[in-house]
Amino acid sequence: MIAVMVVVILVLIPAGLLWAGQRSVIYLPSGGVPPAAAGVLPGAEDVRLTTEDGLEPGGWFVPPLGRDREAAVLVANGNAGNRESRAALARALAAEGFSVLLFDYRGYGGNEGSPSERGLAADARAAADHLAERGFGADRTIYFGESLGAAVATGLAAERPPAALFLRSPFSSLADMGERHYPFLPVRMLLWDRYPVAERAAEVDVPTTVVIGDADRVVPPEQSRAVAGASAHLFEEVVLPGADHNDAELVHGPEVVEAFVRLADHVL
């Protein structure tokens with residue numbers, strides 16, 4: 001009986017802690033309030049989005065450098081940092097002629113609110129609305145989602161199909177990720193947020209590129225491959241040998257940018 005009680009305690013206590021504090025494990029805002037856009041990216045401007053529930057997340061609109069493709073990139077961030085962390089990516093995409101919208105989710109980058117699956121979806125819709133107001137309709141917009149942002153971008157694409165979808169290091173679902181990192185807990189029973197990426201990718205019939213780091217220690221490469229395999233309209237699967245989740249080559253490196261340009265050239 002004592003042995004059974006010990007086992008129960010060893011399972012229930014961590015499970016209870018994970019249930020209560022799970023969003024603090026999933027969402028990791030860091031970096032504080034970003035500086036003014038123009039101080040980081042010449043020509044960029046600070047913008048405010050407007051969400052359906054009355055929040056005003058901050059963002060940066062980055063104009064193209066040189067050639068103007070008259071197309072926009074909506075960047076959905078991963079679960080850590082803020083928009084300043086994506087400045088190098090925005091710079092590289094702008095250099096290829098794209099307008100780029102970087103924005104922070106609720107609870108990130110000094111924004112009000114607390115992050116959740118529903119909340120991040122609302123923030124992404126507000127980002128798409130902002131681009132539409134600037135004249136970038138769905139047929140001139142590509143969603144770029146990284147890691148958790150790949151889940152956000154895929155969810156947005158299922159609601160509002162873009163010209164194309166670019167997913168870097170997507171996981172197949174948040175439950176799959178939880179089971180990988182917490183195999184001793186009943187993760188599927190505990191999760192509030194689900195992010196069924198592979199399931200939604202099967203509903204998104206627009207050209208989709210999936211980029212995978214085959215040494216990714218955060219998102220298992222097999223989960224990204226599952227998303228590619230489930231995609232209704234897979235344009236390309238790009239594998240970067242030896243690349244880990246936060247390596248510069250996988251975050252904003254030339255192979256990633258070149259893959260994005262190939263996708264854009266295919267649809268625009």
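Keep in mind it's a predicted model, so treat the numbers as computed, not measured. Computed from heavy atoms alone, side chains included, the values below leave out hydrogens, waters and symmetry copies.
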Colleague: Please assess Phe136 against Ser99 for the test side chain to side chain contact (heavy atoms under 4.5 Å, CB included), listing each intermediate value before the final yes or no.
Modeller: CA-CA 9 Å; Phe136 297 105; Ser99 297; 3.6 Å; yes
Colleague: When you look at Glu112 and Arg106, which way does the salt bridge (Lys or Arg N to Asp or Glu O under 4.0 Å) test go after all the steps?
Modeller: CA-CA 6 Å; Glu112 295 181 346; Arg106 60 191 62 206; over 6 Å; no
Colleague: Exactly one of Val73, Leu65, Val62, Asp68 should register a side chain to side chain contact (heavy atoms under 4.5 Å, CB included) with Phe98. Which one does?
Modeller: Val73
Colleague: Test side chain to side chain contact (heavy atoms under 4.5 Å, CB included) on Val256 and Glu249 and set out the steps.
Modeller: CA-CA 7 Å; Val256 172; Glu249 63 180 305; over 6 Å; no
Colleague: For Asn79 and Tyr108: C-alpha separation, side-chain torsions, deciding distance, then whether side chain to side chain contact (heavy atoms under 4.5 Å, CB included) applies.
Modeller: CA-CA 9 Å; Asn79 73 325; Tyr108 286 74; 4.2 Å; yes
Colleague: Could you tell me if the side chain of Trp60 sits less than 4.5 Å from the side chain of Asp46, heavy atoms only?
Modeller: yes
Colleague: Look at the aromatic rings of Tyr27 and Tyr195 and report parallel, tilted or perpendicular, splitting at 30° and 60°.
Modeller: perpendicular
Colleague: Before you tell me yes or no, could you show the steps for Arg160 and Asp129 under salt bridge (Lys or Arg N to Asp or Glu O under 4.0 Å), namely the whole-Å CA-CA distance, both residues' side-chain angles and the distance that decides it to 0.1 Å?
Modeller: CA-CA 11 Å; Arg160 304 183 183 186; Asp129 289 343; 2.6 Å; yes
Colleague: Mind running salt bridge (Lys or Arg N to Asp or Glu O under 4.0 Å) on Arg118 and Glu52 for me, showing each step along the way?
Modeller: CA-CA 11 Å; Arg118 179 176 293 183; Glu52 59 206 35; over 6 Å; no
Colleague: Kindly compute the distance separating CG (Leu250) from OG (Ser169), expressed to the nearest 0.5 Å.
Modeller: 4.0 Å
Colleague: Evaluate the side-chain proximity of Val197 to Ser173: yes if any heavy-atom separation is below 4.5 Å, no if none is.
Modeller: no
Colleague: Indicate the atoms forming the closest heavy-atom contact of Ala226 with Ala198, along with that distance.
Modeller: O-CB, 4.4 Å
Colleague: On a heavy-atom basis, which atom in Val219 and which in Ser147 lie closest, and how many Å separate them?
Modeller: CG2-OG, 4.0 Å
Colleague: CZ/Phe171 to CZ/Arg180 distance, rounded to the nearest 0.5 angstrom?
Modeller: 14.0 Å
Colleague: If you compare all heavy atoms of Ala72 against all heavy atoms of Leu131, which two are closest, and at what distance to 0.1 Å?
Modeller: CB-CD2, 3.9 Å
Colleague: Verify salt bridge (Lys or Arg N to Asp or Glu O under 4.0 Å) between Arg188 and Asp176, making sure each step is shown before the conclusion.
Modeller: CA-CA 8 Å; Arg188 292 183 187 276; Asp176 292 342; 2.5 Å; yes
Colleague: Looking at Arg69 and Asp265, is there a salt bridge between them, counting it only when a charged N and a carboxylate O are closer than 4.0 Å?
Modeller: yes
Colleague: Indicate yes or no: at least one non-hydrogen side-chain atom of Pro220 is less than 4.5 angstrom from one of Arg225.
Modeller: no
Colleague: Kindly indicate whether the side chain of Phe166, heavy atoms from C-beta on, has any atom under 4.5 Å from the side chain of Thr208.
Modeller: no
Colleague: Between the side chains of Glu236 and Arg262, is the shortest nitrogen-to-carboxylate-oxygen separation below 4.0 Å, so that they form an ion pair?
Modeller: yes
Colleague: Which heavy atom of Ser172 sits nearest a heavy atom of Val227, and at what distance?
Modeller: CA-CG2, 3.8 Å
Colleague: Please walk me through it: do Phe260 and Leu93 pass side chain to side chain contact (heavy atoms under 4.5 Å, CB included)?
Modeller: CA-CA 9 Å; Phe260 185 88; Leu93 294 174; 3.7 Å; yes
Colleague: Going by the salt bridge (Lys or Arg N to Asp or Glu O under 4.0 Å) test, name the single residue among Glu255, Glu237, Glu146 that passes it with Arg168.
Modeller: Glu146
Colleague: Assess whether a salt bridge exists between Asp104 and Arg86, defined as any Lys/Arg side-chain N lying under 4.0 Å from an Asp/Glu carboxylate O.
Modeller: no
Colleague: With the threshold set at 4.0 Å, does a side-chain nitrogen-carboxylate oxygen contact exist between Glu70 and Arg140?
Modeller: no
Colleague: Looking at every non-hydrogen atom in both residues, tell me the closest pair between Val40 and Pro35 and how far apart they are.
Modeller: CG2-CG, 3.5 Å
Colleague: Kindly give the heavy-atom pair with the smallest separation between Leu74 and Ala128, and that separation in Å.
Modeller: CD1-N, 3.6 Å
Colleague: Would you call Leu165 and Leu167 a side-chain contact if the rule is heavy atoms closer than 4.5 Å?
Modeller: yes
